[in-house]
Undergrad: 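Here it is: the structure, laid out below.
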Amino acid sequence: MPLYEDRRNAENIITIAGEYCDNVITDSNAVYAGFIKAINEKSAKLVRPVTAAFEGWYGVEWDKIISTLKQFDANNIIESYIDMSGYYKSIGEIKEYKQKNITDDPGFGYVNGDGKIEDLFEKDKINKLSEKLHGNTGNIIIYGYGASTPMLAEHTDIIIYFDITRQPVLWKMWDRELVPFGYSSPDTEYGWKEYYYCDYYLLDRQKSYIIDKMDYWVEAIKPSELKMMPRNTYDTVIRETLKYPVKEIKIYQPGPWGAYRYRDLFGVPGLECNAWNELAGPELGMIVCVNGTKTVEMPMLNLMQYQEAFLGKYLAETYPHLFPMDVWLDDGYFPEKTPMERTAMPIHNHPSTDYVKRHFNEPLGRYETYYICEAYEGACTMMGYKEKADLEEWEAFCRDSENIKPIENWREYISVWDSNIGDLYLIPPGTVHGHGGNQMVLEMDTCPSIAATEYSFFEYDFARNSWDDESKTMTARPMKMHIEHSFDNEKWRREQWVKENLLVRPKVEKWTRDYKFDRYASVPEMPFEIERFHFYTKAEYDTERKFANIITLTIGKKAIIISKSNPEYTSDIELFQSAIIPASFGKYEITSAGGGFCEAIVMKWKKG
């Protein structure tokens, strides 16, 4: 599955004290030498050999890291290296453990709600390792997933956590290069449901256990470009980053409805068409630039260590560990007149909180909105069913088609609404819908999953081929549908109800000579608000220290976000870029860089 990253204007520039900045090591050779030094110094301090645990996320290339490290150990400070992959249960037992999460559902799994990496260890082997560590005569490095397990805590003297952003993990998984639990080499049959429904949760719980116990944090995206900082410096970086608006590394994905506005605007290398891209959300990485001189890259979710400061008390208590908001931008520009069967998304719906809890063990449903940023000739959105449509007949057609056989008369069933700039479509669960093309859609949604799993139930995708990123053509196999879930979840909302409840208008909440602020109408089941600013010079807002704001610039070249109480806490966003304003940020201004007209859209939770 193709995926591209965009790092332009993604740096989060923070300022910390000089002594902390000095501790951020960005030279890879110095990092490797630092490992040896840290172990040597710890051994000298304790006057005995020590055990160091090298722990990390999936995708860390342990073999390359250990091989390089040995080259820096000219004095043989390390006596032995122990690979944790040898202390797991058999592959068959691991597969059996995961089966309850993989399930026989072709499209989705069931979240491992309470499992830990220790569940996969062979306890007799761990006991023997414990005995070996108890009597060790030289310094030892244990490396791999679970190296810092509580089962070995009494023998562990140093913990070093190797972190990696999520996109490289996916690239390895798709290229069949991922080395999962219990393997010493890639599992070429590894399935995505193993990661999103089981392994992600085991890794996340292990990371949560480690984060305040580790001695050093390491950026390990590339073994040849390691970066490192001690725990107190890492904590200082995280705390300081939360004082600023947070920008993430955008991602892009082509697809069967992919269009060409991004090609005009951004020219991302390799990206021919773009179906959607993510501007803000839990699966993205972030770049932190320390004192303007040193940069490190890490998952944005590392900020969730201080979830209350980041998202506010209500979200921290209601959805622990969950970053519940996503912002996407759906490209829909076609230079020539093109049929909807090419420009439109699949016809689909999303599940409620009750549905995902029952079926997938997730904490929150998928509640969605479409805000129209740009509209071109033929701009439209599909939503709801026509008043006189035979809905049983529609379901029968979809089941018979399975997205292989075209449903030639699909327009007789699905309502299609003309779109224009500023339109907002509310999409509560069970509402059939889809972006129809010829428009740029800012999609603001809830994220149901800690692992950022997508929950869209496809009914019909026009029996078309999908995107093949090697040939750069629409020649890949058609997308698979989720017929059972889609119709089980379907609310069968017709166009009159949609018109009266889901096609909503904004109400002006505040007008000044500097700006206009309005809020769109909503329905009770939608958990978040959509708000809008229009301004030439500046606008003002307040997180009230309980609402995280996600703000996106939809008109204008650049806008600057500035804390009113601490003006040094500032950042800027460009057109079609988002920033997450932490709940703790308080009152702020957003100003137009250069004085041109700007429009900024704000997503925030209703309860705080």
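If you're wondering where the values come from, they're calculated on a predicted model, not measured in any experiment. Numbers here simply count residues along the sequence, with the first being 1.
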Undergrad: Side-chain donor-acceptor pair under 3.5 Å between H485 and D105, yes or no?
TA: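 D105 and H485 do have a side-chain donor-acceptor pair below 3.5 Å.
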
Undergrad: For K480, is the NZ atom crowded, meaning more than 12 foreign heavy atoms sit under 6.0 Å from it?
TA: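 Count not over threshold, so no.
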
Undergrad: Can Y413 and E393 be counted as having a side-chain donor-acceptor contact under 3.5 angstrom?
TA: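 A pair is found: one side chain offers a donor N or O, the other an acceptor, under 3.5 Å apart.
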
Undergrad: Do you see a donor-acceptor pair shorter than 3.5 Å between the side chains of Y385 and E490?
TA: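 Yes, E490 and Y385 have a side-chain donor paired with an acceptor closer than 3.5 Å.
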
Undergrad: Measure across R166 and K207 and return the closest heavy-atom pair with its distance rounded to 0.1 Å.
TA: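 Nearest heavy atoms, R166 then K207: NH2-NZ, 3.9 Å.
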
Undergrad: Is it the case that atom NE2 in H321 sees more than 12 heavy atoms from other parts of the structure closer than 6.0 Å?
TA: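 Atom NE2 in H321 is not crowded, with 12 or fewer foreign heavy atoms closer than 6.0 Å.
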
Undergrad: Within the 3.5 Å criterion, strictly below it, is a donor on E454 or S456 matched to an acceptor on the partner's side chain?
TA: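 Indeed, the side chains of E454 and S456 share at least one donor-acceptor pair under 3.5 Å.
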
Undergrad: Should the heavy atoms of other residues, nucleotides or ligands under 6.0 Å from NZ of K116 be counted, would the total exceed 12?
TA: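 Counting other residues, nucleotides and ligands, NZ of K116 stays at 12 neighbours or fewer.
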
Undergrad: Just checking, is any N or O donor in the side chain of S419 or T381 under 3.5 Å from an acceptor N or O on the other one?
TA: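 Judged by distance alone, the side chains do pair up.
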
Undergrad: I'd like to know whether R505 forms a salt bridge (Lys or Arg N to Asp or Glu O under 4.0 Å) with D423, so could you lay out the CA-CA distance, the side-chain angles of the two residues, the decisive distance to 0.1 Å, and finally the verdict.
TA: CA-CA 7 Å; R505 299 181 62 191; D423 288 349; over 6 Å; no

Undergrad: Does any N or O in the side chain of Y58 come within less than 3.5 Å of the main-chain N or O of Y195, such that one atom is a donor and the other an acceptor?
TA: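 Side chain of Y58 to backbone of Y195, a donor-acceptor pair under 3.5 Å: no, none is there.
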
Undergrad: First locate atom CD of E283, then atom CE of M300, and finally report the distance between them rounded to the nearest 0.5 Å.
TA: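 One gets 9.5 Å once the value is rounded to the nearest 0.5 Å.
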
Undergrad: Could you check whether any side-chain N or O of T353 sits under 3.5 Å from a backbone N or O of L364, counting only pairs where one atom can act as donor and the other as acceptor?
TA: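 It does not hold such a pair.
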
Undergrad: Look at D187 together with R176 and state whether they make a salt bridge at an N to O cut-off of under 4.0 Å.
TA: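 Looking at D187 and R176, the cut-off is not met.
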
Undergrad: Side chains of T473 and S471: is there a donor and an acceptor less than 3.5 Å apart?
TA: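 Indeed, the side chains of T473 and S471 share at least one donor-acceptor pair under 3.5 Å.
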
Undergrad: Just by distance, no angles: are the side chains of H348 and Y460 close enough, under 3.5 Å, to form a donor-acceptor pair?
TA: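 No donor-acceptor contact under 3.5 Å links the two side chains.
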
Undergrad: Using a 3.5 Å distance criterion without hydrogens, assess whether the side chain of R494 forms a donor-acceptor pair with backbone atoms of G384.
TA: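 Pair absent, no side-chain N/O of R494 close to backbone of G384.
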
Undergrad: Within the 3.5 Å criterion, strictly below it, is a donor on K604 or Y541 matched to an acceptor on the partner's side chain?
TA: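 Yes, side-chain donor-acceptor contact under 3.5 Å.
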
Undergrad: Would you mind telling me which of P324, C447, P299 makes a side-chain contact (heavy atoms from CB on, under 4.5 Å) with P282?
TA: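 With P282 as partner, side-chain contact (heavy atoms from CB on, under 4.5 Å) holds for just one option, C447.
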
Undergrad: Any side-chain donor-acceptor pair under 3.5 Å between Y455 and E362?
TA: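 Result is yes, a qualifying pair exists.
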
Undergrad: Just by distance, no angles: are the side chains of E495 and W417 close enough, under 3.5 Å, to form a donor-acceptor pair?
TA: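 Short answer, no.
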
Undergrad: So do W57 and Y145 actually touch side chain to side chain, heavy atoms under 4.5 Å?
TA: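 No - every pair of side-chain heavy atoms lies 4.5 Å or more apart.
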
Undergrad: Do side-chain atoms of K250 reach the backbone of A10 as a donor and acceptor pair under 3.5 angstrom?
TA: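 Pair absent, no side-chain N/O of K250 close to backbone of A10.
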
Undergrad: For the residue pair E599 and C373, establish whether any side-chain heavy-atom pair is separated by less than 4.5 Å.
TA: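 Answer no - side chains too far apart.
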
Undergrad: How about E278 and Y252: does a side-chain donor come under 3.5 Å of a side-chain acceptor?
TA: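 Note: E278 and Y252 side chains miss the donor-acceptor criterion.
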
Undergrad: Between K491 and N349, do the side chains contain an N or O donor and an N or O acceptor separated by less than 3.5 Å?
TA: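 Checked: K491/N349 side chains show no N/O donor-acceptor pair below 3.5 Å.
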
Undergrad: Is it true that the side chains of S522 and K606 contain a donor and an acceptor less than 3.5 Å apart?
TA: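 There is such a pair between these side chains.
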
Undergrad: Under 3.5 Å, is there a donor on one side chain and an acceptor on the other for E377 and N438?
TA: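 No pair is found: no donor N or O on one side chain lies under 3.5 Å from an acceptor on the other.
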
Undergrad: Is the side chain of T543 donor-acceptor paired with the backbone N or O of K546 at a distance under 3.5 Å, no angle test?
TA: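 No, the answer is negative, given that no donor and acceptor are paired below the 3.5 Å cut-off.
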
Undergrad: Does a donor on one side chain and an acceptor on the other come within less than 3.5 Å for R366 and T446?
TA: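 The criterion, which ignores hydrogens and geometry beyond distance, is not satisfied for T446 and R366.
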
Undergrad: Using only atom types and a distance under 3.5 Å, with no angle test, would you say the side chain of R519 pairs donor to acceptor with the backbone of F517?
TA: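 Between the backbone of F517 and the side chain of R519 there is no qualifying donor-acceptor contact (under 3.5 Å).
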
Undergrad: Any donor and acceptor pair, going by atom type alone, linking the side chain of N403 with main-chain N or O of M479 inside 3.5 Å?
TA: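 Here the side-chain-to-backbone pair exists.
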
Undergrad: Side-chain donor-acceptor pair under 3.5 Å between D119 and Y97, yes or no?
TA: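 Indeed, the side chains of D119 and Y97 share at least one donor-acceptor pair under 3.5 Å.
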
Undergrad: Say whether Y197 and T453, considering side chains only, have a donor N or O and an acceptor N or O under 3.5 Å apart.
TA: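 Absent: no donor and acceptor within the cut-off.
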
Undergrad: Tell me whether K247 contacts the main-chain N or O of N9 through its side chain, where contact means a donor paired with an acceptor under 3.5 Å.
TA: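 Such a contact is found between K247 side chain and N9 backbone.
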
Undergrad: Side chains of W171 and E177: do they bring a donor and an acceptor to under 3.5 Å?
TA: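 Side-chain D/A pair, W171 to E177: absent.
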
